[in-house]
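Here's the structure, in structure tokens; my notes come after.
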Amino acid sequence: MQVAVIGAGYVGLVTAAGLAASGHRVRVGESDPAKRALLRTGTVPFHEAGLSRIVEEGVENNLLTFHGDNSEAIDGAAVVLIALPTPPADDGSADLSIVEAALRGFGAELAPGTVVALKSTVPVGSVKRFQKLIDTIGGQATVVSNPEFLREGSAVTDFFHPDRIVIGSDSQAAAEVLTSMYESIQAPVVVTRPESSELVKYASNAYLATRITFANAIANVCEAVGADIDEVTKGMGYDRRIGFHFFQPGPGYGGSCFPKDTRALVSTSAEAGYDFSLLRGVIDSNDMQLDRMVDKVRRATPDIDGARIGLWGLAFKAGTDDLRESPALKIAVALTDLGAHVVAFDPAVSTVDDERISVVDDPITAAAGADVLVVATEWGEFAGVDLRAVREAMAGSTIVDARNLLDPVAVRQLGMSYVGVGH
Ligand code: UGA
């Protein structure tokens with residue numbers, strides 16, 4: 001099948017390369033010339049396990065091509081996937097202007113029977129809104145919803161082995177075209193009305209954000225009453241209705257999706273007359289969780305103003321170089337605002353926008369001379385760093401482990417103080 005993907009961002013590129021690897025001919029519309037030039041050589045401009053290989057293969061086999069002109073990308077396509085950014089507007093709602101501008105640009109050129117699938121996270125009602133737009137400008141395509149559930153760091157595996165494929169369309173024919181595009185992928189296909197599919201995406205992210213926030217809240221209760229979060233989640237997790245997965249306490253959720261989507265769902269609900277107070281509470285609790293981590297560091301050093309803080313991790317989670325809404329970076333900025341000098345190391349990040357934060361290229365250099373060491377991103381390799389060398393390099397002796405990654409016993413055996421989450 002010939003497929004167009006509009007936008008070579010995270011979701012667009014993984015989807016395009018995955019579809020090319022499944023044997024489809026995929027033309028990607030990407031407006032950034034520098035990005036196009038890189039991608040044409042098979043080079044991926046961000047860190048994602050396994051992506052370079054399938055992009056390279058797609059380019060070599062001529063199944064994956066990149067185009068500056070969207071009209072060229074959509075020419076001959078049976079399916080056009082929209083994977084453009086929908087950034088939050090000031091009120092938390094999703095800003096659809098980029099998607100709208102693109103559809104206005106090529107909408108009238110879509111061949112009859114083309115399926116336009118919205119992969120970008122868009123508010124409920126967007127399929128109807130964009131269908132109207134295409135109809136008004138004389139296009140003959142059917143717009144459907146096809147939300148994306150990829151996780152950064154495991155996006156390629158998630159593409160080939162999704163838990164489900166959700167398609168929202170009132171047209172059975174359009175749903176069938178999209179289902180056939182995914183035929184090589186083994187997963188349940190859930191076909192819904194457009195509004196339900198659009199809501200599945202927000203509801204899933206809001207549920208997962210709530211689950212993490214619940215684990216964080218119980219960790220905070222543990223600290224108050226002398227319980228231990230690992231013991232509590234273990235005791236809870238054997239209940240199959242609860243489970244062990246996605247229940248790890250930390251500095252609060254971050255990234256480009258959960259913070260944006262939870263705010264957008266609160267805003268959509270409010271506009272529709274429903275006060276989603278539970279989700280408002282989740283968002284507030286998540287902000288407070290980050291403040292608690294900063295407080296743990298403040299309490300560990302007599303004077304934060306002028307203190308040197310070593311920081312392990314900058315990315316919003318392990319396996320990515322993405323700094324968007326990163327709790328690690330927010331901790332670094334908050335400590336810097338309080339007068340601390342933060343020296344950070346992250347295996348995938350070599351610079352940050354804030355020049356007050358120094359970024360070094362190994363974990364021991366980050367710890368050197370530090371009054372407090374903070375573990376802020378859960379990179380597995382941090383657990384393997386020689387703690388004796390850390391102890392010798394540091395000026396102080398406290399580790400604040402915002403990810404519960406290190407072994408508290410091993411840290412304490414070296415005469416250091418260990419401050420985790422929920423212990
Ligand atoms: C999330 C969803 O998991 C994907 O299904 C969805 O497609 C994606 O958003 C999106 O909407 O595009 P992602 O943002 O890549 O994926 O990251 P997650 O692995 O979900 O982690 C989100 C945040 O929660 C991170 O800050 C992570 O450190 C934190 N987290 C995750 C915890 O604090 N505890 C956990 O147990 C799990």
Side-chain angles (χ1 to χ4, degrees), residues 9-11 14 46-48 83-95 98 120-123 147-155 201-202 204-217 246 248-268 276 279-294 297 311-337 342 344 346-354 356-357 359 374-379 402-403 421:
Y10 203 82
V11 166
V14 172
F46 50 84
H47 179 93
E48 183 61 41
L84 291 165
T86 52
D90 289 343
D91 63 354
S93 65
D95 175 357
I98 301 173
S120 308
T121 301
V122 289
E148 189 46 74
F149 304 103
L150 302 174
R151 291 162 300 170
E152 292 191 20
S154 55
K201 171 66 188 197
Y202 284 103
S204 300
N205 276 0
Y207 177 80
L208 292 167
T210 303
R211 185 174 163 92
I212 295 165
T213 306
F214 189 83
N216 287 337
F246 224 77
Q248 182 64 37
Y253 59 79
S256 63
C257 305
F258 287 179
K260 165 174 83 70
D261 293 351
T262 44
R263 287 194 291 262
L265 186 51
V266 166
S267 153
T268 303
F276 205 151
L279 199 53
R280 283 196 287 109
V282 166
I283 295 167
D284 286 347
S285 300
N286 196 57
D287 292 341
M288 284 190 281
Q289 190 67 10
L290 192 98
D291 295 343
R292 283 179 74 94
M293 299 304 130
V294 174
V297 181
L311 187 81
W312 284 0
L314 283 163
F316 85 92
K317 66 173 185 177
T320 176
D321 56 0
D322 197 336
L323 294 170
R324 287 176 289 177
E325 297 269 354
S326 166
L329 185 56
K330 286 184 183 174
I331 290 172
V333 170
L335 292 172
T336 308
D337 286 344
V342 175
D346 187 291
V349 180
S350 51
T351 52
V352 290
D353 261 351
D354 192 327
R356 300 171 304 165
I357 299 163
V359 184
V374 182
V375 182
T377 309
E378 76 284 23
W379 288 100
R403 295 288 189 165
V421 183

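Not measured: the values here are computed from a predicted model.
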Measuring from Asp354:CG to Leu323:CG, what's the distance to the nearest 0.5 Å?
-> 11.5 Å
Roughly how far apart are Tyr202 OH and Phe276 CZ, rounded to 0.5 Å?
-> 13.5 Å
Please name the pair of heavy atoms, one in Pro259 and one in Gly254, separated by the smallest distance, quoted to 0.1 Å.
-> CD-O, 3.6 Å
Which salt bridge (Lys or Arg N to Asp or Glu O under 4.0 Å) pairs, counting each pair once, include a residue from residues 285-294, with sequence neighbours left out?
-> Glu223-Arg292
Go through the steps to decide whether Leu290 and Asn286 satisfy the test side-chain contact (heavy atoms from CB on, under 4.5 Å), and finish with yes or no.
-> CA-CA 7 Å; Leu290 192 98; Asn286 196 57; over 6 Å; no
Test side chain to side chain donor-acceptor pair (under 3.5 Å) applied to Asp337 - qualifying residues, sequence neighbours left out | Arg356
Gap between atom CG of Asp261 and atom CG of Leu265 - 0.5 Å precision = 8.5 Å
Side chain to side chain donor-acceptor pair (under 3.5 Å) partners of residues 316-331, not counting sequence neighbours, each pair once | Glu152-Thr320, Arg263-Glu325, Asp322-Arg324, Glu325-Lys330
Atom of Phe149, atom of Ser204 and distance for their closest heavy-atom approach = CE2-OG, 4.2 Å
How close do Ala376 and Gly313 get, heavy atom to heavy atom, and via which atoms?
-> CB-O, 4.1 Å
How about Phe214: does its CZ atom have over 12 heavy atoms from other parts shown lying under 6.0 Å from it?
-> no
Identify the heavy atoms of Thr268 and Pro123 that sit nearest to each other, and give their distance.
-> OG1-CB, 4.5 Å
Would you say Val421 and Met293 make side-chain contact, with heavy atoms under 4.5 Å?
-> yes
Of all heavy-atom pairs linking Val14 and Ala155, the shortest is CG1-O, 3.7 Å
Validation row: Thr86, Ile98 side chains within 4.5 angstrom (heavy atoms) = no
Is any side-chain heavy atom of Cys257 closer than 4.5 Å to a side-chain heavy atom of Thr121?
-> no
To the nearest 0.5 Å, what is the distance between CG (Asn205) and NZ (Lys260)?
-> 8.0 Å
Euclidean distance, Leu311 CG relative to Ile357 CD1, rounded to 0.5 Å = 8.0 Å
CA sep, side-chain torsions, deciding dist, call: Thr336, Val333, side-chain contact (heavy atoms from CB on, under 4.5 Å) | CA-CA 5 Å; Thr336 308; Val333 170; 5.6 Å; no
Under 3.5 Å, side chain of Thr262 to main-chain N/O of Ile283, donor-acceptor pair present?
-> no
OH on Tyr253 to OG1 on Thr213, rounded to 0.5 Å = 5.0 Å
Of all heavy-atom pairs linking Ala328 and Thr377, the shortest is CB-OG1, 3.5 Å
